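Note: hydrogens, waters and symmetry copies are ignored here, and every other heavy atom, side chains too, is used. Heads up: numbering here begins at 1 and tracks the sequence. Note that the coordinates shown come from a computational prediction; the quantities given were computed from them, not determined experimentally.
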Amino acid sequence: KKLSSRIVEDKTVISPGASSIQIFAHANFHTYDIPNTNNHKALYLSGVCCDPHQQGRGFATTLLTDSIKILRLIENVKYLTLRTMNHAVVKLCKRSCRNNTISEEDRKEVPVYPVDVMEPRPDLSHVCNTISNIFGWKDVVPEHLIIKQAYPAHLIPIFCGNVDPNKKDPILDKMEAIFNRDQGDAIFGIVDL
């Protein structure tokens, strides 16, 4: 039950007295040392998924938000990283990584590099190179945090996410301006923690 005190009654994960657990959302994180950075570490978010029948009810956001609170306590964790072409995942990170220790009106969504801003930061390129080398990714452009042809053609519809052509989405527009989703490109997203 203790995913979050914000889970309301209709979102109960474990019912009192229940003999089974229902899992509606899941996230995988891995921690990697970033050499030559004063012992800094990067969290790599390798996946977030939510039961399609439960989407829109806040499970993935709650799970990621509460996970980030805990993971920030790991000594020297400085970055959250991920590889994605899905604009919904970027929005999820923006919401989940904001500072929840300040008042609601002062709380702002955090920038996800390179979608929100791409200023020259050698540390971000270094993190991108380090994680790319660990995973053996090819065609990485670390100065732009882009991975060319990161996904094969058969996975593009799965990892692209749902796009409503009638809805204006500034995050989607920004992402499509910096890489080609149709050829399987992805961003190497980074959030400062």
Side-chain angles (χ1 to χ4, degrees), residues 3-4 23-50 59-100 109-152 155-156 158-161 171-172 174-175 178-181 184-193:
L3 267 185
S4 170
I23 298 175
F24 298 131
H26 174 77
N28 278 346
F29 295 91
H30 304 277
T31 307
Y32 296 101
D33 293 325
I34 305 300
N36 306 317
T37 61
N38 296 328
N39 297 322
H40 289 144
K41 298 179 188 303
L43 294 171
Y44 179 71
L45 175 61
S46 61
V48 177
C49 62
C50 185
F59 284 113
T61 300
T62 299
L63 174 66
L64 198 57
T65 301
D66 289 353
S67 296
I68 294 298
K69 284 181 200 172
I70 294 166
L71 293 167
R72 278 184 167 138
L73 300 176
I74 298 172
E75 188 173 348
N76 295 324
V77 169
K78 184 169 169 91
Y79 309 98
L80 172 68
T81 64
L82 65 143
R83 176 181 76 165
T84 191
M85 63 169 36
N86 190 333
H87 64 291
V89 172
V90 172
K91 290 195 266 190
L92 175 63
C93 286
K94 292 173 70 55
R95 286 190 309 268
S96 299
C97 295
R98 60 187 169 191
N99 187 345
N100 290 322
E109 290 182 343
V110 298
V112 176
Y113 295 90
V115 176
D116 293 310
V117 63
M118 193 55 212
E119 57 195 39
R121 282 194 40 194
D123 63 320
L124 301 182
S125 296
H126 180 60
V127 170
C128 180
N129 275 328
T130 300
I131 301 297
S132 297
N133 288 334
I134 289 169
F135 287 109
W137 294 334
K138 307 292 183 221
D139 296 323
V140 177
V141 185
E143 61 275 8
H144 297 291
L145 302 179
I146 300 296
I147 307 164
K148 297 286 189 181
Q149 297 179 324
Y151 299 105
L155 291 179
I156 293 171
I158 297 168
F159 291 122
C160 208
I171 298 296
L172 177 62
K174 288 178 185 179
M175 289 177 69
I178 60 177
F179 71 96
N180 186 336
R181 289 160 46 111
D185 294 352
I187 63 162
F188 183 78
I190 301 179
V191 176
D192 289 310
L193 292 179

Please determine whether side chain to side chain contact (heavy atoms under 4.5 Å, CB included) holds for the pair Ile178 and Lys174, giving the CA-CA distance in whole Å, both sets of side-chain angles, and the decisive distance to 0.1 Å.
CA-CA 7 Å; Ile178 60 177; Lys174 288 178 185 179; over 6 Å; no
Not counting sequence neighbours, which residues clear side-chain hydrogen bond (donor to acceptor under 3.5 Å, both in side chains) with [X]? List them please.
X      : value
Asn133 : none
Lys94  : Asp116
Lys41  : Asp33

Atom pair [atom1]/[atom2] of [X] and [Y] - distance to nearest 0.5 Å:
X      : Y      : atom1 : atom2 : answer
Cys97  : Leu92  : SG    : CG    : 8.0 Å
Lys91  : Thr61  : NZ    : OG1   : 11.0 Å
Leu71  : Leu64  : CG    : CG    : 9.0 Å
Leu80  : Leu193 : CG    : CG    : 5.5 Å
Tyr113 : His144 : OH    : NE2   : 16.0 Å
Asn38  : Lys78  : CG    : NZ    : 9.0 Å

Side chain to side chain contact (heavy atoms under 4.5 Å, CB included) involving [X] - partner list, sequence neighbours excluded:
X      : result
Asn86  : Thr84, Ala88, Val89
Thr130 : Ile34, Pro35, His126, Ile134
Pro122 : none

For Phe29, ring-ring contact (aromatic ring centres under 6.0 Å, His included) partners two or more places apart
none
Apply ring-ring contact (aromatic ring centres under 6.0 Å, His included) to Phe179 and list each qualifying residue two or more places apart in sequence or on a separate chain.
none
Give every residue pair that meets the salt bridge (charged side-chain N to carboxylate O under 4.0 Å, His left out) criterion with at least one member in residues 126-136, sequence neighbours excluded.
none
Could you give all pairs that pass the salt bridge (charged side-chain N to carboxylate O under 4.0 Å, His left out) test and reach residues 134-145, with sequence neighbours left out?
none
Kindly give the heavy-atom pair with the smallest separation between [X] and [Y], and that separation in Å.
X      : Y      : value
Pro142 : Ser125 : O-OG, 3.2 Å
Leu82  : Leu45  : CB-O, 3.8 Å
Met175 : His87  : SD-CA, 3.5 Å

Side-chain heavy atoms of [X] within contact of [Y], under 4.5 Å:
X      : Y      : answer
Val141 : Lys148 : yes
Cys93  : Val90  : no
Arg83  : Leu145 : no

What is the ring orientation for His40 with Tyr79, classed by angle as parallel under 30°, tilted 30 to 60°, or perpendicular over 60°?
perpendicular
Relative to the ring of Trp137, is the ring of Phe135 parallel (under 30°), tilted (30 to 60°) or perpendicular (over 60°)?
parallel
Would you say Arg98's side chain and Arg95's backbone share a donor-acceptor pair under 3.5 angstrom?
yes
Side chains of residues 184-192: which donor-acceptor partners sit under 3.5 Å, not counting sequence neighbours?
unit_1: Asp185; atom_1: OD1; unit_2: Gln149; atom_2: N; d: 2.8
unit_1: Asp185; atom_1: OD1; unit_2: Gln183; atom_2: NE2; d: 2.9
unit_1: Asp185; atom_1: OD2; unit_2: Asn180; atom_2: N; d: 3.2
unit_1: Asp185; atom_1: OD2; unit_2: Gln183; atom_2: NE2; d: 3.0
unit_1: Asp192; atom_1: OD1; unit_2: Arg121; atom_2: NH2; d: 3.0
unit_1: Asp192; atom_1: OD2; unit_2: Arg121; atom_2: NH1; d: 2.8

Side chain to side chain contact (heavy atoms under 4.5 Å, CB included) between Ile156 and Arg181, worked out
CA-CA 8 Å; Ile156 293 171; Arg181 289 160 46 111; 5.8 Å; no
